[in-house]
Amino acid sequence: MTEGTTSAAAEGADTLTRLEQEGEIAADYLEGLLDIADLDGDIDMDVEADRASVSIISDTGSRDLQKLVGRDGEVLEALQELTRLAVHRETGDRSRLMLDVAGYRAKKRAELSEVGAKAAAEVKSTGEPVKLRPMTPFERKVVHDAVKAAGLRSESEGEEPQRFVVVLPA
């Protein structure tokens, strides 16, 4: 191994360790929250795409966890920000941690990937740009990824909370 390869491997291991630490801190914070709210749920941690990923799941299929999702994922977004702040308080570093509750984000990701793929197909067939509805940053990221996978490009336009994706011809 060359010195550069060894250095890159060590840096990757350091990043993985840091992300695992973020997941542990987030899990502890969320377990405390579940206890306070008297909600049943298990915590699942992973590292995906250079981010710590934490999920709250339920073996019983309890609808109680839906309280942590809220209407259109609003409570989930707020809970994710609070969890990121808890990680920041412990580490001093900004966290990009992703939180999912009861599979809400996973389901949303699949739906949004389909929206991005359909918009890309429409742009390919018409040659005209397609503007989508306003979306959250998470939603826009998923759509951008789907458009890129379809071989096209996209941009975000507008100001929050009315920021939206425009799918452009190749």
Side-chain angles (χ1 to χ4, degrees), residues 1 4-118 120 132 135-151 154 156 160 163 165:
M1 277 190 160
T5 305
T6 305
S7 175
E11 186 176 304
D14 289 347
T15 299
L16 181 61
T17 301
R18 181 181 54 78
L19 293 174
E20 288 172 344
Q21 178 189 18
E22 281 187 22
E24 291 288 337
I25 294 166
D28 289 345
Y29 175 78
L30 292 166
E31 284 175 356
L33 181 87
L34 290 173
D35 286 345
I36 290 168
D38 196 28
L39 296 172
D40 290 326
D42 295 320
I43 308 292
D44 184 33
M45 296 177 298
D46 200 2
V47 174
E48 299 173 1
D50 293 331
R51 289 182 175 210
S53 175
V54 179
S55 299
I56 302 174
I57 54 178
S58 175
D59 292 336
T60 62
S62 171
R63 296 203 35 88
D64 285 346
L65 289 183
Q66 292 304 315
K67 295 173 186 174
L68 298 178
V69 174
R71 185 172 44 94
D72 296 328
E74 290 174 342
V75 175
L76 174 57
E77 289 290 332
L79 185 56
Q80 177 175 275
E81 286 306 310
L82 289 172
T83 305
R84 286 177 174 176
L85 286 171
V87 170
H88 177 74
R89 185 185 68 224
E90 292 289 322
T91 65
D93 295 326
R94 182 178 172 272
S95 173
R96 295 178 51 234
L97 176 128
M98 287 298 293
L99 175 63
D100 193 4
V101 175
Y104 176 82
R105 269 199 211 277
K107 180 181 168 201
K108 192 77 168 169
R109 181 176 279 124
E111 291 170 359
L112 290 165
S113 291
E114 183 67 23
V115 167
K118 284 182 179 178
L132 302 174
M135 298 179 183
T136 66
F138 162 76
E139 292 171 331
R140 290 192 310 269
K141 169 75 169 105
V142 173
V143 171
H144 285 304
D145 290 346
V147 169
K148 184 177 180 180
S154 57
S156 291
E160 294 292 352
R163 201 155 166 80
V165 173

Residues in side chain to side chain donor-acceptor pair (under 3.5 Å) with Thr83, at least two apart? none
How about Val147 and Val143: do any of their side-chain heavy atoms sit closer than 4.5 Å? yes
With side chain to side chain contact (heavy atoms under 4.5 Å, CB included) as the test, would you mind laying out the steps for Tyr29 and Leu82 before giving the verdict? CA-CA 9 Å; Tyr29 175 78; Leu82 289 172; 3.6 Å; yes
Taking all atoms of both residues into account, what is the closest heavy-atom pair of Met45 and Gly23, and its distance? SD-O, 3.1 Å
With Glu77 via salt bridge (charged side-chain N to carboxylate O under 4.0 Å, His left out) - residues at least two apart: Arg105
By side chain to side chain donor-acceptor pair (under 3.5 Å), Glu81 pairs with (sequence neighbours left out) Arg84
Once rounded to the nearest 0.5 Å, what's the spacing between atom CG of Leu68 and atom CG of Leu76? 8.5 Å
Might you point out which heavy atoms bring Ala26 and Leu97 nearest each other, and give the distance in Å? CB-CD1, 3.5 Å
Does Glu20 have any side-chain contact (heavy atoms from CB on, under 4.5 Å) partners at least two apart in sequence or in another chain, and if so, which? Leu16, Val47
What salt bridge (Lys or Arg N to Asp or Glu O under 4.0 Å) pairs are there with at least one residue in residues 137-151, not counting sequence neighbours? Lys108-Glu139, Arg133-Glu139, Arg140-Glu160, Lys141-Asp145
Hey, mind stepping through Val115 and Val165 against side chain to side chain contact (heavy atoms under 4.5 Å, CB included) and telling me if it holds? CA-CA 11 Å; Val115 167; Val165 173; over 6 Å; no
Would you check if the side chain of Ser55 reaches a backbone N or O of Ile57 as a donor-acceptor pair within less than 3.5 Å? no
Does any part of the side chain of Leu79, heavy atoms only, come nearer than 4.5 Å to the side chain of Leu33, both counted from C-beta? yes
Is any side-chain heavy atom of Ser156 closer than 4.5 Å to one of Met135? no
For Asp35, does the CG atom sit with more than 12 other heavy atoms under 6.0 Å from it, leaving out its own atoms? yes
Sole candidate of Asp64, Asp40, Ile43 that passes side-chain contact (heavy atoms from CB on, under 4.5 Å) when paired with Leu34: Ile43
Using side-chain contact (heavy atoms from CB on, under 4.5 Å) as the criterion, list what pairs up with Val142, not counting sequence neighbours. Arg109, Leu112, Ser113, Phe138
Step-by-step side chain to side chain contact (heavy atoms under 4.5 Å, CB included) determination, Val75 to Val101: CA-CA 10 Å; Val75 175; Val101 175; over 6 Å; no
Sequence neighbours excluded, the answer for side-chain contact (heavy atoms from CB on, under 4.5 Å) partners of Asp28 is Glu31
Any donor-acceptor N or O pair under 3.5 Å, side chains Ser95, His88: no
Can you pull out every salt bridge (Lys or Arg N to Asp or Glu O under 4.0 Å) where at least one residue sits in residues 45-56? Sequence neighbours excluded, please. none
Roughly how far, to the nearest 0.5 Å, is OG1 of Thr91 from CZ of Arg18? 8.5 Å
Only pairs at least two apart or in different chains count here, so list each salt bridge (Lys or Arg N to Asp or Glu O under 4.0 Å) that has a residue in residues 94-103. none
If the condition is side-chain contact (heavy atoms from CB on, under 4.5 Å), which residues does Asp72 pass it with, not counting sequence neighbours? none
Begin with the C-alpha distance, continue with both residues' side-chain angles, and end with the deciding distance and a verdict on side chain to side chain contact (heavy atoms under 4.5 Å, CB included) for Leu99 and Leu30. CA-CA 10 Å; Leu99 175 63; Leu30 292 166; 3.6 Å; yes
